[in-house]
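The structure's right below; bear with me while I get my questions together.
In listed order, ligands and their atoms are each counted from 1. Values reported hereafter were calculated over all heavy atoms of this structure, with side chains retained and with hydrogens, waters and symmetry mates removed.
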Amino acid sequence: MTRFNTQLVHGLPVHDNDTGAVNPPIYNSSTYTFPFVGATPRYDYARSGNPTRDFLERQIAQLEHGTRGFAFASGLAAIHAVLSIFQPGDRIVAGDNVYGGSYSQLNDHFTRWGLRLTTVNTSDDFERLERAISGNGDTAPAKAVYFETITNPLLQVNDVNRIAAIAHRYGALVIVDNTFVTPYLQQPLDLGADVVIHSATKYLAGHSDVIAGLVVTSSEDLANRIYFAQNRLGGILPPAECDAVRRGIQTLALRMDRQQRNAAAIAQYLLKHPLVKKVNYPGLGKDGDRELQAKGLKGAGGVLSFEVKDGVDPAVVLNNLHVFRLAVSLGAVESLAELPARMTHFELPREERLKVGITDELIRLSVGIEDVNDLIEDLGQALEKAYESLDDDRRESTEGIDQQIDSLLS
Ligand SMILES: *Cc1c(COP(=O)(O)O)cnc(C)c1O
């Protein structure tokens, strides 16, 4: 048995050619010949399966310690396929801070289709979570719990082990979106999850050049149900994109190591900055590493968020960044910054946003693999611009900040 980093590079070969090519070929064939009438060849039509997609699906199943993997045209297509294994009337409990597109798919599409949805905080109130799953005598137990390993953009850590133990008491399936964490930092199936989902667009592909989704199952029964959805709903990932994700996965560990190191250094810098009110990055406290380990995480990943102090305009900070690009998405080699309230989470009504803690002052960073000093200097000069744009009253009330900023920059 090879180890994780070796698996990243080699995957499980699909023996389908004898050229000796070290990379699996991209098969641009929509159909495959039958050797004779009545034969059952392994590949017949590319929606149902093809060797390029097989490679990626086996690769992610191996890395997530699952029975089978499935590749989809996007993260949302993957989520759609997974949720379509349920039936009208079934109830799903979802985290109250899941990716906006996933929430909208559940709330605007699947409720119309007959699923019932209960949302609840999955990271700290386990009694409430249990009541939501059990139905508390008012309604039947939920058929599934759906949440993300680390939430976006507040970076709360969900304890897969603990949530799975509660869910399984009521026979609910545990569906985990592992996009922010990747199998390099946690394998949710080992902690009790039944299905793992990825927006492979993010860390797995890693270069902001492909939209893709992946699913891994813990059992053959679930795999058969999801294969039906993949083949019949048809939201499959084409061969060239499968290959782009495969290649991205080969460098996952190298990228993530650098991204985490950079993110931790930036978090420490921001914690000390006089214009910063709050920094969200898992494991920042003194016992941080132990806290992460207790929740089954080997690291905190490369995304963090922070709030600027009242009166400081976060848009001025963002508009003055040069190394960080102002863009949604995350997990790629280049650093990105965005304003959740007006970019990724603008569809949430302001009241709902504030209730879950996404304030107007919150900035999210996806940290890339650049030199960390360039990233820190970029943030420093942008914060300085925001300070200069404060009106005089505010600047007086923040007296002393000038020297503090100067000492941080020097
Ligand atoms: C981006 C994202 C998705 C959606 O994936 P797409 O590839 O954009 O369809 C789902 N979940 C999380 C956590 C994401 O970040």
message = Heavy-atom count check: over 12 atoms from other residues, nucleotides or ligands less than 6.0 Å from Arg247 CZ?
response =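 Check fails, neighbour count at 12 or below.
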Could you go through residues 71-88 and list every donor-acceptor pair under 3.5 Å that involves a side-chain atom there, pairing it with any protein atom two or more places apart or in another chain?
unit_1: Ser74; atom_1: OG; unit_2: Leu76; atom_2: N; d: 3.4
unit_1: Ser74; atom_1: OG; unit_2: Ala77; atom_2: N; d: 3.0
unit_1: Ser84; atom_1: OG; unit_2: Ala81; atom_2: O; d: 2.8

ask   = Got more than 12 heavy atoms from elsewhere within 6.0 Å of CZ, Arg169?
value =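 Atom CZ in Arg169 is crowded, with more than 12 foreign heavy atoms closer than 6.0 Å.
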task = With sequence neighbours excluded, tell me which residues meet salt bridge (charged side-chain N to carboxylate O under 4.0 Å, His left out) with Glu352.
result =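 Salt bridge (charged side-chain N to carboxylate O under 4.0 Å, His left out) check on Glu352 returns Lys355.
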key: Pi-cation contact, Tyr99 with Lys202 (under 6.0 Å, within 45°)   =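 Because its charged atom sits under 6.0 Å from the ring centre and within 45° of the axis, Lys202 does stack over Tyr99.
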For a distance cut-off of 3.5 Å, show me each N or O of ligand 1 paired with any protein N or O, plus the separation.
unit_1: ligand 1; atom_1: 5 (O); unit_2: Ser199; atom_2: OG; d: 3.0
unit_1: ligand 1; atom_1: 7 (O); unit_2: Gly75; atom_2: N; d: 2.9
unit_1: ligand 1; atom_1: 7 (O); unit_2: Ser199; atom_2: OG; d: 2.8
unit_1: ligand 1; atom_1: 7 (O); unit_2: Thr201; atom_2: OG1; d: 2.7
unit_1: ligand 1; atom_1: 9 (O); unit_2: Gly75; atom_2: N; d: 3.0
unit_1: ligand 1; atom_1: 9 (O); unit_2: Leu76; atom_2: N; d: 2.9
unit_1: ligand 1; atom_1: 11 (N); unit_2: Asp177; atom_2: OD2; d: 2.7
unit_1: ligand 1; atom_1: 15 (O); unit_2: Lys202; atom_2: NZ; d: 2.8

query = What ring-ring contact (aromatic ring centres under 6.0 Å, His included) pairs are there with at least one residue in residues 277-334, not counting sequence neighbours?
reply =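 As it turns out, there is no ring-ring contact (aromatic ring centres under 6.0 Å, His included) pair with a partner in residues 277-334 once direct neighbours are skipped.
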